[in-house]
Amino acid sequence: MDPVVQTVLWIGTAVMTLGLLVFVYMTSTAAEENKHFYYATSLVPLIAATAYFAMATGHGQVMIAGRTFFFARYADWVFTTPLLLLDIALLALPSVRGRLGLVGVLIGADVYMIVTGLVAGLLTGPDKYVWFATSTVAFIVVLYILVQMLGEARSRNPEIGKLVSTLSTLTIALWICYPIVWLIGTEGFGLIPLAAEVVLYAILDVSAKVGFGFVLLSNRNALQQASAEARTAVGD
Ligand code: RET
């Protein structure tokens, strides 16, 4: 494997592991009623560290028509993106249980986006762009629901609204970069070399997972209020 690619993958493994340790520590000091946020958020760097470890040791990729295809990314994203969206939903909506339809469509569209993106990545002919476009339609549904949830959060409580606003902005800005990197990278038009693609994905992954998680879990007041409102909503 290219030494630059391998080094970046090992750095990714190390940073995700460090993020996991920080989140586990934050979990241990969190209030009992907020722990669901901490569990969901800690799973994200756990899964990512595993995927990066697989890729760094040469087990997360296959050669397809002369190019390296990192399938481990998709195995990571199919679990981590729903967890990140669940975090936003738990914060933005007064009751996830009362909005199962919306949350189901959000997570369903997200999983569909990753699976159709995987098919696009596996293909070599121009058909891959049809799968890319299909995945992008699902992505637009995800973005639409995120914006809708942000509107609801803002009208609820200023503290929660502010945090949801920061997290949604971060999510929308970072997530939009993934299909762009895909298109310019080795799976798409091949405008940048593999090493540059691996670096860009690593920066995005660390920001969207560890950066996002840190902002969320450090805002204990907003988490407290969201948990309190959720308990009122289910009548506990
Ligand atoms: C693909 C290619 C096909 C079209 C689209 C994509 C979108 C991927 C996204 C990934 C987000 C990943 C995150 C991971 C880490 O936390 C599959 C690249 C739209 C949005 C946030």
Side-chain angles (χ1 to χ4, degrees), residues 1-17 19-20 43-85 108-143 171-212:
M1 200 189 321
D2 178 289
V4 176
V5 169
Q6 192 161 28
T7 308
V8 175
L9 293 172
W10 275 117
I11 294 174
T13 311
V15 176
M16 293 300 179
T17 307
L20 168 66
L43 271 176
V44 173
L46 171 66
I47 294 167
T50 311
Y52 268 87
F53 176 72
M55 295 190 284
T57 50
H59 304 303
Q61 56 267 51
V62 285
M63 293 301 284
I64 295 180
R67 69 177 161 98
T68 307
F69 175 65
F70 288 103
F71 62 87
R73 294 197 187 291
Y74 296 85
D76 166 335
W77 297 345
V78 82
F79 294 110
T80 55
T81 53
L83 287 166
L84 295 167
L85 293 174
D110 176 69
V111 170
Y112 185 83
M113 168 186 86
I114 301 298
V115 173
T116 50
L118 168 68
V119 176
L122 283 166
L123 296 179
T124 48
D127 279 9
K128 69 177 165 190
Y129 296 108
V130 175
W131 288 87
F132 179 90
T134 308
S135 174
T136 304
V137 172
F139 185 36
I140 292 168
V141 173
V142 170
L143 293 177
T171 299
I172 293 168
L174 292 169
W175 288 34
I176 283 178
C177 298
Y178 283 85
I180 298 172
V181 173
W182 193 99
L183 269 187
I184 61 171
T186 55
E187 285 155 281
F189 297 112
L191 303 176
I192 56 166
L194 182 68
E197 175 189 315
V198 172
V199 169
L200 290 175
Y201 274 137
I203 295 171
L204 289 175
D205 281 341
V206 167
S207 317
K209 294 171 155 97
V210 179
F212 173 100

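No donor-acceptor pair closer than 3.5 Å links the side chain of Glu197 to the backbone N or O of Ile192. For Gln6 (side chain) and Ala56 (main-chain N/O), a donor-acceptor pair under 3.5 Å exists by modelled atom type. Side chain of Thr116 to main chain of Met113: a donor-acceptor pair is present (N/O by atom type, distance under 3.5 Å, no hydrogens or angles).
Under the 4.5 Å side-chain criterion, counting only non-hydrogen atoms from C-beta, Asp2 is not in contact with Leu194. Side-chain contact between Ile47 and Lys209 is absent, with no heavy-atom pair separated by less than 4.5 Å. Side chains of Ile172 and Ile176 form a contact here, defined as non-hydrogen atoms less than 4.5 Å apart. Contact of the Asp205 side chain with the Tyr178 side chain is registered, since non-hydrogen atoms from C-beta on lie closer than 4.5 Å. Contact check for Lys128 versus Glu187: no side-chain heavy atoms found under the 4.5 Å cut-off. In this structure, Leu43 and Leu46 have side chains that are in contact, with non-hydrogen atoms separated by less than 4.5 Å. Looking only at side-chain heavy atoms (C-beta outward), Met1 and Thr57 stay at 4.5 Å or farther from each other.
Between the OG1 atom in Thr186 and the CZ atom in Phe70 there is a gap of 8.0 Å [rounded to 0.5 Å]. Taken to the nearest 0.5 Å, the CG atom of Asp127 stands 13.0 Å off from the CG atom of Leu122. Note: Met55 CE to Asp76 CG = 7.0 Å, rounded to the nearest 0.5 Å. Atom-to-atom distance recorded for Phe71:CZ and Leu118:CG is 10.0 Å, nearest 0.5 angstrom. For the atom pair CG of Leu183 and OG1 of Thr136, the computed distance is 7.5 Å after rounding to the nearest 0.5 Å. We find the OG-CH2 distance between Ser135 and Trp182 to be 8.5 Å, quoted to the nearest 0.5 Å.
In terms of heavy atoms, Ala54 sits closest to Gln61 at O-OE1, 4.1 Å. Contact record, Ala49 with Thr13: O-CG2, 3.9 Å, taken as the closest heavy-atom pair. Nearest approach of Ala51 to Ala72, heavy atoms of both residues: CB-O, 3.9 Å. Residues Val111 and Pro82 come closest through the heavy atom pair CG2-CG, 3.9 Å.
Annotation for Tyr74: atom OH counts as buried by contact number, over 12 foreign heavy atoms lying within 6.0 Å.
The aromatic rings of Trp175 and Phe139 lie parallel to each other, their planes meeting at an angle below 30°, with 60° marking the opposite boundary. Between Phe53 and Trp10, the two ring planes are perpendicular [angle over 60°; tilted spans 30° to 60°].
Ring centers of Tyr52 and Tyr201: at least 6.0 Å apart, outside the cut-off.
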